[in-house]
Amino acid sequence: MAVARMDEAELRKCITQIQLDQSLNDAEKAKKRQELLSGRWSQPAVKDTDEAATGSLDLTSCPGKDAADETTIFDETLKCAMCMDLCARPVTAPCQHNFCLGCFNKWVAQGKKTCPTCRHAFPAKFASNPRINTLLASAIRMAKLGQRPVNTKIVVHINDKDRPDEAFTTDRAVRSGRANAASGRIMVTVPGDHFGPIPPEADPRGTGIRVGEFWKDRLDCRQWGAHFPHVAGIAGQSGQGAQSVVLSGGYEDDLDEGEWFLYTGSGGRDLSGNKRVNKIQSFDQTFDKMNKALLISCEKGLPVRVVRSHKEKRSAYAPSEEQPVRYDGIYRIARAYRKPGTQGQLVCRYVFIRCENEPAPWSSEDSGDAPWTGSLPAAVQKEIKEAKGKVYEMGAKPWDYDAEKKEWGWARPAPVSQKQGGDASSSPKKARRKANEHERAMREFTCTLCKGILAQPLSTPCGHHFCKPCLLTNFQGQGDIEDRATNAGRALRERKVVKPCPTCKADIAEFLQHGQVNR
DNA sequence: CTCCGATTTACT
DNA sequence: AGTAAATCGGAG
């Protein structure tokens, strides 16, 4: 079962918080708020009544909008003790004090190791790898929205009965209490090669996959269509492009700055002996397979869905363990190139830049991404100098920013799917089998020359089927023997005309002379 | 914590 | 048909 969406959970907490605030005294309020902001808040004791489960929440009528309540939520706990401003990309220290990620990193870089508020020492692990408190970021966003004097209406959907059943077909799945890998139903109706966001109309809940939605593992993520492969980090086809990637921290020199990151291609690693750990880069990566797919997405300026896993250990933008696999929105690939990796072999590198309408889970702003202006980040420029060979740049941009609407979207039509769409009512296996059967039947009974149903079917010795009239028309005007006597004025022996099968090019001249209609 | 077998899918 | 894939969970 999928974990409830982050924004739902957050909203419920915020709503509950605001409701509680009205019945609490100041000391209790402060305590509750601290719990909320530190991310240790236990499940609110709100009943899942139908109205609470699926309904709309009008924030204009929310108490958070009142001036008195604004002061309670915009108090110093939301402010960074280093810059005294509202936290941007907030991190929460184990001592429960909050800072901007940038301020905190500067503080640590200056060699300071204690909290400016309470003087407690920061644990080394936290100092070296702070992780953004997305709950607090969301609370700040919500507070800002509540402050806004417009009729912002947010639809809240919590409907557990819509969640998929888990499927168990192997002993292992039963033993572990987990669905087999990828055996769960695909809940969305998009095909595997769908580019761009998962829209509301493809989602049985009617919401679409929203930024901040999270799942307990890759299998659940797959069921909701954000990223289909259950192990692989890149979803794509070498002929079409890549639809999605997962950031999981598998590559040492990957760099994650939230709105942009550097991603490494796949392959070139020694996987012999079932080594899934201690993988070593043993040969150069090339722009083929999935790496080619990413390159196409770069060159075509296609949107790529990005999913972050909590296993991404070195990134402040990785989700917490409570949100193991999180959807972070749409990115495009600004550059693609190869450069020497940590072990010397060439690796394919991609510069991802966010282009999403919804605010990032780590953002304290309530808006999505502005179009990227100016130059690439310094770290990217530095790395591109080490690039070997061609540096590919983002080309045509079917997914682009509409300056009038002030939002990202399809400026030109999305690529057409080459696959059968997901089917919310049947298993992917069944759907595929059905698709394959259909495809095979179509091949059996369709003439590739006229694209229609076979009329007077002829089956060639090489096993291909055509309408008799189509095939005869195809070789019209060609005799069976080529008279080459006039060729260049020299006397040449006559030669049998080769008549290649339109499908496989095998010579079917002999067959055409004595062809029979296939009943 | 590390190691490792089981597992399933989709690409080629 | 072969096999790579940025996983998962159990064992030590």
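Chain A is the first sequence line, chain B the second, and so forth, proteins listed ahead of strands; every chain is numbered from 1. What you see below is based on every heavy atom in this structure, not just the backbone, and it leaves out hydrogens, waters and symmetry mates.
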With heavy atoms under 4.0 Å as the rule, sort [X] into base, sugar-phosphate or nothing.
| X | value |
| --- | --- |
| S309(A) | nothing |
| L247(A) | base |
| D288(A) | nothing |
| E312(A) | nothing |
| G249(A) | base |

Candidates [options] - which lies nearest the side chain of [X]:
| X | options | result |
| --- | --- | --- |
| S248(A) | dT8(B), dC8(C), dA6(C) | dA6(C) |
| R222(A) | dC8(C), dT9(B), dC11(B) | dT9(B) |
| H230(A) | dC11(B), dT8(B), dC8(C) | dT8(B) |
| Q237(A) | dC11(B), dC8(C), dA6(C) | dC11(B) |

Integer-rounded Å distance: [N] [atom2] and [X] [atom1]:
| X | N | atom1 | atom2 | value |
| --- | --- | --- | --- | --- |
| L294(A) | dA5(C) | CG | C1' | 14 Å |
| R349(A) | dA6(C) | CZ | C1' | 14 Å |
| Q243(A) | dA10(B) | CD | P | 12 Å |
| D217(A) | dT7(C) | CG | P | 12 Å |
| L262(A) | dA6(C) | CG | P | 17 Å |
| Q285(A) | dA5(C) | CD | P | 9 Å |
| M290(A) | dC11(B) | CE | P | 6 Å |
| N291(A) | dA6(C) | CG | C1' | 13 Å |

Counting only Watson-Crick pairs (N1-N3 plus N6-O4 or O6-N4) and G-U wobbles (N1-O2, O6-N3), all under 3.5 Å, who is the partner of dT12(B)? dA1(C)
Paired nucleotide for dA6(C) [Watson-Crick or G-U wobble; both distances under 3.5 Å]: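 When the pairing criteria are applied, nothing turns out to pair with dA6(C), so the answer is none.
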Please determine whether a side-chain nitrogen or oxygen atom of [X] lies at a distance below 4.0 Å from atom OP1 or OP2 of [N].
| X | N | value |
| --- | --- | --- |
| S238(A) | dT12(B) | yes |
| K419(A) | dT9(B) | no |
| K292(A) | dT12(B) | no |

How about F104(A) and F122(A): are their ring centroids closer than 6.0 Å? yes
Are there more than 12 heavy atoms of other residues, nucleotides or ligands under 6.0 Å from atom NZ of K113(A)? no
Decide if atom CD of E201(A) counts as having more than 12 heavy atoms of other residues, nucleotides or ligands within a radius under 6.0 Å. yes
Lys/Arg-Asp/Glu bridge criterion (N-O < 4.0 Å) met for [X], [Y]:
| X | Y | value |
| --- | --- | --- |
| R332(A) | D369(A) | no |
| R314(A) | D254(A) | no |
| R89(A) | E257(A) | no |

